[in-house]
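Right, one structure below, let's go through it.
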Amino acid sequence: MQDYDPKEIEAKWQKIWAEKGTYEAKNDSSKPKWYSLIEFPYPSGEGLHVGHPRPYIAMDIISRKRRMQGYNVLYPIGWDAFGLQTENFALKTHKQPAVITKENTDTFRRQIQNLAISFDWSREINTTDPKYYKWTQWLFLKFLEHDLAYKAKMNINWCPKDKIGLANEEVIDGKCERCGTVVEKREKEQWMLRITKYADRLDKDLDTVDYPERVKTQQRNWIGRSEGALIKFGDIEVFTTRPDTIFGATFVAVAPEVAKKLTGNDFGIVAETDRESKEKKGVDTGLKVTNPATKEQVSVWVVNYVSADYGTGAIMGVPADDERDREFALKFNLPIVENYTKAGFEDFGTKVTKFKLRDWIFSRQRYWGEPIPVIHCEKCGVVPVPEKDLPVTLPEVPMYEPTDTGESPLATIDSWVNVECPKCGGMGKRETDTMPNWAGSSWYFLRYADPHNDKEFASMEALKYWMPVDWYNGGMEHTTLHLLYSRFWNKFFFDIGLVPTSEPYKKRTSHGLILAEGGEKMSKSKGNVVNPDTIVNMFGADTLRVYEMFMGPFEQAIAWSEASLIGPRRFLERVWKLATKVSETASMNTEDERMLNESIKKVGGDIEVLGFNTAVSNMMIYSNYLDAKDVITKSEYENLLKLLAPFAPHITEELWETLGQEGSVHEAPWPTFDESKLVRSRCTLAIQVNGRVRATLETTANATENEVKAAALALPEVEKWLNGAIPKKVVVVLGKVVNIVV
RNA sequence: GCCGGGGUGGCGGAAUGGUAGACGCGCGCGACUCAAAAUCGCGUAUCGAAAGGUGUGAGGGUUCAAGUCCCUCCCCCGGCACCA
């Protein structure tokens, strides 16, 4: 037998699978469907690093196992290619973003294909392809049509470096999520999506999906449901979750914006700067209102600790019950009433539910995004671009530098901006803002069902067949962004009859990051990026795949370790050499049967719960077991290859062929186990005296409690440790342990 | 502050309340070899010459039996944060 040469066999099989279309999903199949999804990558200029494939390999294992289990599997890939990084790189290199995107996706595609992830490449999509973003724009017009998209003048977070407005979610600790620059506030007209209208259902429907608890909790926190009451203190309506404490309310506090509306004066409390400070600030407005419970006059204060955009922007101050109100009352000598009677929940107000979630700022003032497909007409106002004129394509221009004025670079291209109003035929101007890069990713999982459709964004028939996604794996960092946004889009589409399910994803899991050796995050600037090409050259793709699954628990972050790759490589070498032990004359005894059945059970079970590290470990144990024998049966080897096939697709396919098997191992049925073969014929029990292990005892598996007890007590070690004492109690756990208590 | 998730050998990590450290890396010894690499075999928590003792962040508790369950606390990671 030849030596294991991954280079040769990996190239060979990748070619064969591509030619045969082994991994292409069929829209018409009598098999049950299975839809696996990973977050499609942003094709950056840095290329793929070894962290990218971790989730791809994991979902590939699930997908390959499902195929072997008889499912018609959809496991697609595409490119989330709009975005700042490409645009900035384009500016620097004076290339068109579209050209750069083409180069980058070519690199990513080649790198991913080297790893034999069983993606259906015939369904590859790209958010920057006009054939794709035509439908992103079309879907945007649906939002507009149903009054879920609107333009509003508002204070937005502005990143002075990227020259772009940011959504609330994209601001971390007051800094731009991408570049870390401190954001500024700017007043600007922005397109908004009314995600708040879906707050209630986005929250409640989490009960209907299979997501990790931490993902649900994070989304719930972000949506921020709270049940409370609106209560009128004279002209001022306050929101409180504790209406029962109203008898203790000794003042009313309002946000500066609210004070200004009320009195035309903000009393020098500037929300922006003072809100940063944790110190309580406030000014008495001089206004008095009546506490509806106590009928007493209370003063109205402008404070820095109440937000205008939550609740009503006004609260009742209950210093006896609320820590913040207490701090404020103490500082400004306001009355504190302790031990007041509690009121009923709705005695003085009306019950109401409020959410922290804000509407989604949907405009960006940059070039490399989907143009928002509307035309502004002096006569007709905002006019949607008619469907027949979609897509509104990005003009190819040499200049698309962002501007300091906060206007999109598209605004400078007169020939593009000036158009006829589709309604009245008069002079119109195109909207020059583009969509955020969350737009294309908010619906891409729908397009995969029907990626080449040029009549619809996807046909209902295809969607009915494939949706919902059965298993979606992605990063925790998208929990309150992409994951929430795409649920919102899908729900809206469901409401208007475009998609068949209210929730897009049945099950969601998350992977941990792969860090550089030493535990730092991998980044080009730190120079610690490991390119999978290097590893594939040194060890082969199968070794890389097995290593990434074996290195640690899938959901935890873990540091890369090149030295550790040798373990998985040795394991594959061992499986390779095992082929020479297959013999017609070999047979299996009961222990061989047990090992085989147990391996099938453990590996299959571990895969389902993301226990890839223990699945690999179990296969190592089994191959070590087989290797210790002189000869093995074809059945033992065949089953080992099947279990390993989803992890190491090339080597198992090659060995499958060597073994003279029919067809592809990846189309062979997944092995099943026989529960009755799992019982051991003999077992070793730990014999404890007072809870400490003093001896072991080998018994037959069907020994009775009394037999085991007698045998244990007869052991010389036990006699020695008992030293004549009479056992008070003997606990026997059959197959496991005997504990003799004296 | 609140909500999640963690803390186990030299390292990555295993363990339905039942022999802690599976599996892998590394290391040590041996075999093969002129030699080395590769491979194979044996060993590898810790203290101790041994008998035996001690060990899963700290301290209590429940139990015949605790890494696992309960209580108090410390530390690390992630999220939210003056949200009324």
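Order of the sequence lines sets the chain letters (A, B, ...), proteins ahead of strands, with each chain counted from 1. Every heavy atom of this structure was used, including side-chain atoms; hydrogens, water molecules and symmetry mates were not.
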With both distances kept under 3.5 Å, what pairs with [N], Watson-Crick or G-U wobble?
{"N": "B/G67", "result": "none"}
{"N": "B/G4", "result": "B/C77"}
{"N": "B/U33", "result": "none"}
{"N": "B/G28", "result": "B/C42"}
{"N": "B/G17", "result": "none"}
{"N": "B/G12", "result": "B/C23"}

Pairwise [atom1] distance, [M] and [N] [rounded to whole Å]:
{"N": "B/G28", "M": "B/C76", "atom1": "P", "answer": "36 Å"}
{"N": "B/G1", "M": "B/U63", "atom1": "P", "answer": "34 Å"}
{"N": "B/G5", "M": "B/G10", "atom1": "C1'", "answer": "26 Å"}
{"N": "B/C70", "M": "B/G79", "atom1": "P", "answer": "27 Å"}
{"N": "B/U16", "M": "B/C29", "atom1": "P", "answer": "37 Å"}
{"N": "B/G6", "M": "B/G52", "atom1": "P", "answer": "38 Å"}
{"N": "B/A65", "M": "B/G18", "atom1": "P", "answer": "14 Å"}
{"N": "B/C3", "M": "B/U54", "atom1": "C1'", "answer": "38 Å"}

What is the separation between atom [atom1] on [X] and atom [atom2] on [N], rounded to the nearest whole Å?
{"X": "A/M619", "N": "B/A14", "atom1": "CE", "atom2": "C1'", "result": "16 Å"}
{"X": "A/R692", "N": "B/G18", "atom1": "CZ", "atom2": "C1'", "result": "15 Å"}
{"X": "A/K728", "N": "B/A65", "atom1": "NZ", "atom2": "P", "result": "10 Å"}
{"X": "A/K216", "N": "B/G78", "atom1": "NZ", "atom2": "P", "result": "25 Å"}
{"X": "A/K709", "N": "B/C64", "atom1": "NZ", "atom2": "C1'", "result": "13 Å"}
{"X": "A/M538", "N": "B/A38", "atom1": "CE", "atom2": "P", "result": "14 Å"}
{"X": "A/R574", "N": "B/G24", "atom1": "CZ", "atom2": "P", "result": "7 Å"}
{"X": "A/R694", "N": "B/A65", "atom1": "CZ", "atom2": "C1'", "result": "14 Å"}

Establish, with yes or no, whether the OP1 or OP2 oxygen of [N] is under 4.0 angstrom from a side-chain nitrogen or oxygen of [X].
{"X": "A/R570", "N": "B/U39", "answer": "yes"}
{"X": "A/R220", "N": "B/G79", "answer": "no"}
{"X": "A/N624", "N": "B/G24", "answer": "yes"}
{"X": "A/S226", "N": "B/A84", "answer": "yes"}

What is the nucleic acid contact for [X], judged by heavy atoms within less than 4.0 Å: base, sugar-phosphate only, or nothing?
{"X": "A/K720", "answer": "sugar-phosphate"}
{"X": "A/N613", "answer": "sugar-phosphate"}
{"X": "A/I558", "answer": "sugar-phosphate"}
{"X": "A/W560", "answer": "nothing"}
{"X": "A/S561", "answer": "nothing"}

- Task: Verify whether the ring centers belonging to A/F539 and A/Y547 lie closer than 6.0 Å.
- Result: no

Can you tell me which nucleotide in [options] comes closest to the side chain of [X]?
{"X": "A/S307", "options": "B/G24, B/A84, B/C64", "value": "B/A84"}
{"X": "A/Q218", "options": "B/G12, B/G78, B/C25", "value": "B/G78"}
{"X": "A/V731", "options": "B/C64, B/G24, B/A14", "value": "B/C64"}
{"X": "A/Y305", "options": "B/C82, B/G13, B/U19", "value": "B/C82"}
{"X": "A/I566", "options": "B/G52, B/G26, B/U19", "value": "B/G26"}
{"X": "A/V306", "options": "B/A84, B/U39, B/A14", "value": "B/A84"}
{"X": "A/Y310", "options": "B/A22, B/A84, B/U39", "value": "B/A84"}
{"X": "A/Q556", "options": "B/C64, B/G13, B/G26", "value": "B/G13"}
{"X": "A/S617", "options": "B/A22, B/A84, B/U19", "value": "B/A22"}

- Message: If the glycosidic angle sits within 90 degrees of zero it is syn, else anti. Tell me which applies to B/G78.
- Response: anti

- Query: Mapping A/V733 and A/D627 onto RNA chain B by nearest heavy atom, which one lands closer to the 5' end?
  - Reply: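 So the residue in question is A/V733.
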
- Message: Both A/E213 and A/N739 contact RNA chain B. Taking the nearest nucleotide for each, which residue is further toward the 5' end?
- Response: A/E213

- Message: Quiz question: going by heavy-atom distance under 3.5 Å, is there a donor-acceptor pair between the base of B/U16 and the side chain of A/K736?
- Response: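 Present.
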
- Is any N or O donor-acceptor pair between the side chain of A/N221 and the base of B/C80 shorter than 3.5 Å? no

- For A/R508, check salt bridge (Lys or Arg N to Asp or Glu O under 4.0 Å) against everything at least two apart and list the hits. A/E39

- Which atoms form the tightest heavy-atom contact between A/L715 and A/T696, and what is the distance? CD1-O, 4.2 Å

- For residues A/P319 and A/G248, report the shortest heavy-atom separation together with the two atoms involved.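 Result for this residue pair: CD-O, 3.7 Å.
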
- Task: May I ask you to decide if the ring planes of A/H482 and A/Y472 are parallel, tilted or perpendicular, using 30° and 60° as cut-offs?
- Result: perpendicular

- Task: Measure up the A/Y310 and A/F239 rings against each other and bin them: parallel (under 30°), tilted (30 to 60°), perpendicular (over 60°).
- Result: perpendicular

- Item | Residue that, paired with A/F251, satisfies ring-ring contact (aromatic ring centres under 6.0 Å, His included) out of A/F233, A/F328, A/F332, A/W301 |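 Of the listed residues A/F233, A/F328, A/F332, A/W301, the ring-ring contact (aromatic ring centres under 6.0 Å, His included) partner of A/F251 is A/F328.
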
- Item | A/N528 side-chain N/O to A/K521 backbone N/O, donor-acceptor pair under 3.5 Å |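 Checking the backbone N and O of A/K521 against the side chain of A/N528, a donor-acceptor pair under 3.5 Å is found.
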
- Does one side chain, of A/T704 or A/N706, offer a donor that lies under 3.5 Å from an acceptor on the other? no

